[in-house]
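The analysis underlying the following values was restricted to heavy atoms, covering all of them including side chains, and did not include hydrogens, waters or symmetry mates. All residue numbers refer to positions in the sequence shown, counting from 1.
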Amino acid sequence: MSERVNVEKKSPAPGNTPDGTEPDGAQPGNTPDGTQPGGKRGDKSGGRRAGGASPVAAAKAEAVLPTLGPVGMLRWAWTQLTSMRTALFLLLMLAVAAVPGSLFPQRPTNPSVVTQYIKDHPDYGKILDSLQLYDVYSSAWFSAIYILLFVSLIGCVVPRAIAHYNAMRSQPPRTPARLSRLPEYGTLVIPADAGIPASRAITDAAALLKKRGYRVDVRDRDGARPSVGAERGFLREVGNLVFHTSLIGVLVSVAVGGLFGYSGQRILVEGDTFVNTLVGYDQFTPGTNFQSSQLQPYSVQLDKFQITFDRESKGKFGQPIDFKADVTTKETPDAPAKKEVLKVNDPLSLGGTSLYLTGNGYAPVVTVRDGAGNIAMQGPVVAKLQGDNYYSSVVIKVPDAKPEQLAFAGFFLPTAFVTDKGVSFSGDPELINPQLTLNSYYGDLGLNDGSPQNVFELDVKKLTPLNARNLETKGIILTPGTTHTLPDGKGTISFDGVKRYVGVDIHHNPGQLYALIFALLAVAGLVTSLYVNRRRVWVRTGTHADGRTMVEYGLLARGEDHRLASEATAVRKLLAGAWDLDDSQSAPSGGVDNDRADTTLPGAGAEQDSPDHPAADFIQSTAGSSESKKDQ
């Protein structure tokens, strides 16, 4: 080991002359006027020149910082944007920015609710609208955070991926001069009569480490002190890169879904057919870049809908336990019909969309004739669920009735019961005793001016009642097959029967599958980065003066690795087993006295160790070896 000699240079103490005397009229370390060197009191810059100014202070005073300029400013901004700290901050900002989407109604989901919210809150409703808080996920500020996070992640991942690729192609680090300084260290001694020279021992060690998954590199195979460097655990950084790359993939997939996806709802009564066109939806929510040409014109016809109710349990008697919709589908108008079954949590895939069964109920079939006896309305009317046992509300609007427009509002009861006070209620969800209870009105329904209305609501403020419980005409009570005549010759209404209906949600998200794939990859990458450890192993061999082959090894982890000690034990067992050694001859050490690594080789002026202490024979200097010269 090369010897280094530190020579202490003697110089006059600060504030003294070379002969050790103080300058006249000056305190130690001060100038004659009492100030520190450099012309300022208390200046700690140290050292002084004849002119009283410190060289460092003078250089700082004369230095002129260069201006960044436009290019330098852009480089600085890019460095800040692509830092991991900025990426984490943007991810937090994105989560916070999504909160208003849950606090305020969103226009893409339900525009009528947004309109009503602005009317109910005139003081700040329009201010929120100007801040795009009703369109959070398509707002300019949310999109800006989203894009910046996307760019930041790419700027973080790409340089790290290139650096890791270069690291994987490079050779393992060179063998340290003093393996005893490593956290896990041990020695082995191969007897002279085993006939295993140092070169063969290092070849065996390299083969064993390679079989254990290490990437190995043998150095000085034919030299006096051959060694092998081994490294593994590159999957840790690969997993980290996969995790961050998958986050980018998830962001892209979500963006693609928001740009080119769409969703809609449709209510289908038994016998009705839905065609995948814009006019076929009851409610439609398009993506930002949606084009009507994306809609594939498939069709779905509801043949029959069946519900199974619980008839055995006392606590849940009458509760629905199974839903089944028999449908007929066509991929295109000219394609053959196909019988399929639509169930809850078992959607149909058709034309690139997914059809989900989300609701159901009853649709009474009615016929309304106006005062002239003409059929003004005929067909099923969707009843909206309101209570237990399919107690439902019914609204019927007849704008084609002459001479006055007619309307009806009331309730549908699948199994009607009447209390002692004359109040009707539904006692069972099955169609055992269906009954339709209605009030009738006439007047202007407000549909001629084109204003949109909710089909499940009826504004009676501008209508004149014809039938009601509080009028002499009383309310209308109908059972299947019965007809009621309206007062004043306004017409009639008949209850023809009952059908079932289903609510269907149609979703098309081109990025959904990719988002799932990237999410699974992100989880896999995260798990890999947490459980795979980056480790390095070095083994060095040499021949003792008495013919024994001395082996020392050391392990080092990149980062925290609580299983490094067990890995050292496993490596030791492999080496000892390959050479048929007694594993107890020299125990591995994780805290070797590093000073022992400086002892010299036997015959170099130091006392030769006894064969009874083999571990001490190899904890010695590597002076003269090529590895030592490279390290120095």
### Message
Just verifying a value: how many Å separate L153 CG and T86 OG1, rounded to the nearest 0.5 Å?
### Response
11.0 Å

### Query
Cationic tip of R534 within the cone over F234's six-membered ring, i.e. under 6.0 Å and within 45° of the normal?
yes

### Query
Is there a donor-acceptor contact under 3.5 Å linking the side chains of T175 and R219?
yes

### Message
Could you check whether R266 makes a cation-pi contact with F274, meaning its NZ or CZ is under 6.0 Å from the centre of the six-membered ring and within 45° of the ring axis?
### Response
no

### Message
Using side-chain contact (heavy atoms from CB on, under 4.5 Å), reason through E231 and Q171 one step at a time and then give a plain yes or no.
### Response
CA-CA 9 Å; E231 189 173 16; Q171 296 296 329; over 6 Å; no

### Query
Going through the checks in order, is the side-chain contact (heavy atoms from CB on, under 4.5 Å) test met by L182 and L179?
CA-CA 6 Å; L182 300 181; L179 294 179; 4.0 Å; yes

### Query
Do the side-chain N and O atoms of Y137 and S143 include a donor-acceptor pair separated by under 3.5 angstrom?
no

### Query
Does a sphere of radius 6.0 Å around CH2 in W76 hold more than 12 heavy atoms from other residues, nucleotides or ligands, not counting ones at 6.0 Å or beyond?
no

### Task
List the steps, then state whether side-chain contact (heavy atoms from CB on, under 4.5 Å) holds for V327 with V341.
CA-CA 6 Å; V327 297; V341 176; over 6 Å; no

### Query
Between R160 and E237, is there a side-chain N and carboxylate O pair less than 4.0 Å apart?
yes

#### Entry: Ion pair R535/D561, N-O distance below 4.0 Å
yes

### Message
I'd like to know whether the aromatic ring centres of Y553 and Y185 sit less than 6.0 Å apart in this structure.
### Response
no

### Task
Output, in order, the C-alpha distance, side-chain angles, deciding distance and verdict of side-chain hydrogen bond (donor to acceptor under 3.5 Å, both in side chains) for Y262 and T353.
CA-CA 9 Å; Y262 60 86; T353 65; 5.3 Å; no

### Query
Does CE in M73 sit with more than 12 non-hydrogen atoms of other residues, nucleotides or ligands closer than 6.0 Å?
no

### Query
Just checking, is any N or O donor in the side chain of N509 or H507 under 3.5 Å from an acceptor N or O on the other one?
no

### Task
Supply the atom-to-atom distance S139 OG to I145 CD1, rounded to the nearest 0.5 angstrom.
8.0 Å

### Query
With side chains defined as the heavy atoms from C-beta onward, is the minimum distance between V539 and L209 less than 4.5 Å?
yes

### Message
Quick check for you: to the nearest 0.5 Å, what is the distance between L74 atom CG and L81 atom CG?
### Response
12.0 Å

### Summary
So CG of D505 and OG of S354: to nearest 0.5 Å the spacing works out to 11.0 Å

### Task
Tell me, with the steps shown, if T203 and R221 meet side-chain hydrogen bond (donor to acceptor under 3.5 Å, both in side chains).
CA-CA 8 Å; T203 302; R221 186 189 303 270; 2.9 Å; yes

### Lys/Arg N to Asp/Glu carboxylate O, D129 vs R107, below 4.0 Å
yes

#### Entry: Any donor-acceptor N or O pair under 3.5 Å, side chains E552, T187
no

### Task
Could you please spell out the steps behind the side-chain contact (heavy atoms from CB on, under 4.5 Å) verdict for Y281 and I506?
CA-CA 9 Å; Y281 286 88; I506 301 98; 3.6 Å; yes

### Message
Counting only heavy atoms not in Q306 (residues, nucleotides, ligands), do more than 12 fall under 6.0 Å from its CD?
### Response
yes

#### Entry: F290/F284 under ring pair (Phe, Tyr, Trp, His ring centres under 6.0 Å): CA gap, chis, key distance, verdict
CA-CA 11 Å; F290 168 79; F284 187 78; 5.2 Å; yes

### CA sep, side-chain torsions, deciding dist, call: T569, S566, side-chain hydrogen bond (donor to acceptor under 3.5 Å, both in side chains)
CA-CA 5 Å; T569 302; S566 60; over 6 Å; no

### Query
Are K324 and D322 ion-paired here, with the side-chain N under 4.0 Å from a carboxylate O?
no

### Query
Is it true that atom CG of N345 has more than 12 heavy atoms of other residues, nucleotides or ligands lying nearer than 6.0 Å?
no

